[in-house]
2 protein chains.
Amino acid sequence: MSARRLKPKITAPIFAALGDETRLRIVARLSAGGPMSIAHLTRDASVTRQAVTKHLHVLAHAGLARSARLGRESVWELQPEPLDAARRCLDGISAQWDAVLDRLKTFVED
Amino acid sequence: MSARRLKPKITAPIFAALGDETRLRIVARLSAGGPMSIAHLTRDASVTRQAVTKHLHVLAHAGLARSARLGRESVWELQPEPLDAARRCLDGISAQWDAVLDRLKTFVED
DNA sequence: GTCATGCGCAACTATCCGGTTGCCTTTTCC
DNA sequence: GGAAAAGGCAACCGGATAGTTGCGCATGAC
């Protein structure tokens, strides 16, 4: 099992996008409430609307979110594929680590 | 199902630690090869030993890795709990998002 | 004893990043 | 038509961060 299957170059930007507290809160709100506008996201966000906008663009650049203009507001929704990629990456790491622990254990018992 | 269960304040630093390509490579190597020294990690790391050391300390600060001095070398190993926390966070987001999609679908069909 | 290896510490640099303020355009509502 | 709401664009700031180089200290090999 090669570490190449984890594709760090692809998944690292996804983790980086999730690695900010404000941004992770936005992702959580979008996942819980469904698609919503920037103003609605800003309502209880503790930061400015422009900050929220920047975070949304970061998420979009990582493929995690997507926007559509609807009248005068822009509605943002989550994109599930990158989330799945991140999950697969973590699963791979855990699996490899478990395998290593097993090997070490049997080696010691040997 | 509340978004509070995702605990962004706790999990965001973990994602941030995984959000650097060099660091994610280190995690992948540790998970695939088991505990190893800094020099061994540096061998094919494309950056300096000091850079690797800094990254390891970042991982340690996020609870993802742990070191033990063994003679003149310091051996680093992965810590699985934060990885599991990150996985649970992603699972929660995906589950919430799926639930929202279901609600929207039945709403449209209604 | 001596030399190479492994590592930590400190200083320095360049860049990125999160957040703000200010201003302007578009759309809705009355 | 005019006020207000939603949002884009740009400039700016302070702090974090990824990386380097240089040096000194222990430990293991011979």
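All chains are named by letter (A, B, ...) in the order of the sequence lines, taking the proteins before the strands, and each is independently numbered beginning at 1. FYI, side chains are in, hydrogens and waters are out, and symmetry mates aren't considered; it's all heavy atoms of this structure.
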Show the numbers, then the answer: is there a salt bridge (charged side-chain N to carboxylate O under 4.0 Å, His left out) between B/R88 and B/D91?
CA-CA 5 Å; B/R88 282 194 300 272; B/D91 287 346; over 6 Å; no

Check the pair B/D102 / B/K105 against salt bridge (charged side-chain N to carboxylate O under 4.0 Å, His left out), numbers first and verdict last.
CA-CA 5 Å; B/D102 269 1; B/K105 194 179 175 191; over 6 Å; no

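Using a 4.0 Å cut-off on heavy atoms, the residues of residues 38-47 of chain A that approach DNA chain D are A/I38, A/A39, A/R43, listed by number.
Distance CD (A/E73) to C1' (D/dG7): 10 Å, rounded to an integer number of Å. Taking atom NE2 of A/H61 as the reference point, atom P of C/dC17 lies 10 Å away to the nearest angstrom. If you measure from atom NE2 of A/H57 to atom P of C/dC17, you get 15 Å, rounded to the nearest angstrom. The CZ atom of B/R25 sits 11 Å away from the P atom of D/dG19 (whole-angstrom rounding). With rounding to whole Å, B/L56 atom CG is found 10 Å from C/dC7 atom P. When rounded to the nearest whole Å, the span between NZ of A/K54 and P of D/dC9 equals 13 Å. In this structure, CD of A/E21 is placed 14 Å from C1' of C/dG19, rounded to the nearest angstrom. Atom CD1 of A/I26 is separated from atom C1' of C/dG18 by 12 Å (rounded to the nearest Å).
The backbone N or O of B/H40 lies less than 3.5 Å from a partner atom in the side chain of B/S37, making a donor-acceptor pair. Distance alone, capped at 3.5 Å, is enough to place a donor-acceptor pair between the B/R23 side chain and the B/A17 backbone.
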Per-nucleotide protein contact along nucleotides 21-30 of chain C, 5' to 3', at a 4.0 Å heavy-atom cut-off (B base, S sugar-phosphate only, - neither), is BB----BS--

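Listed nucleotides D/dA18, D/dA6, C/dC7 differ in distance to B/H55; the shortest reach to its side chain belongs to D/dA18. Which of D/dA18, C/dG19, C/dG18 sits closest to the side chain of A/R23 comes down to C/dG18.
B/L18 has its side chain within reach of A/L90: a pair of non-hydrogen atoms, C-beta onward, lies under 4.5 Å apart. Contact check for B/L64 versus B/L78: no side-chain heavy atoms found under the 4.5 Å cut-off. No side-chain heavy atom of A/D20 sits less than 4.5 Å from a side-chain heavy atom of A/R25.
The distance from atom CG of B/L6 to atom CZ of A/R29, rounded to the nearest 0.5 Å, is 13.0 Å.
The side chain to side chain donor-acceptor pair (under 3.5 Å) test applied to A/S74 returns A/W76, not counting sequence neighbours.
Here A/T22 reaches the OP1 or OP2 of C/dG19: one of its side-chain N or O atoms lies under 4.0 Å away.
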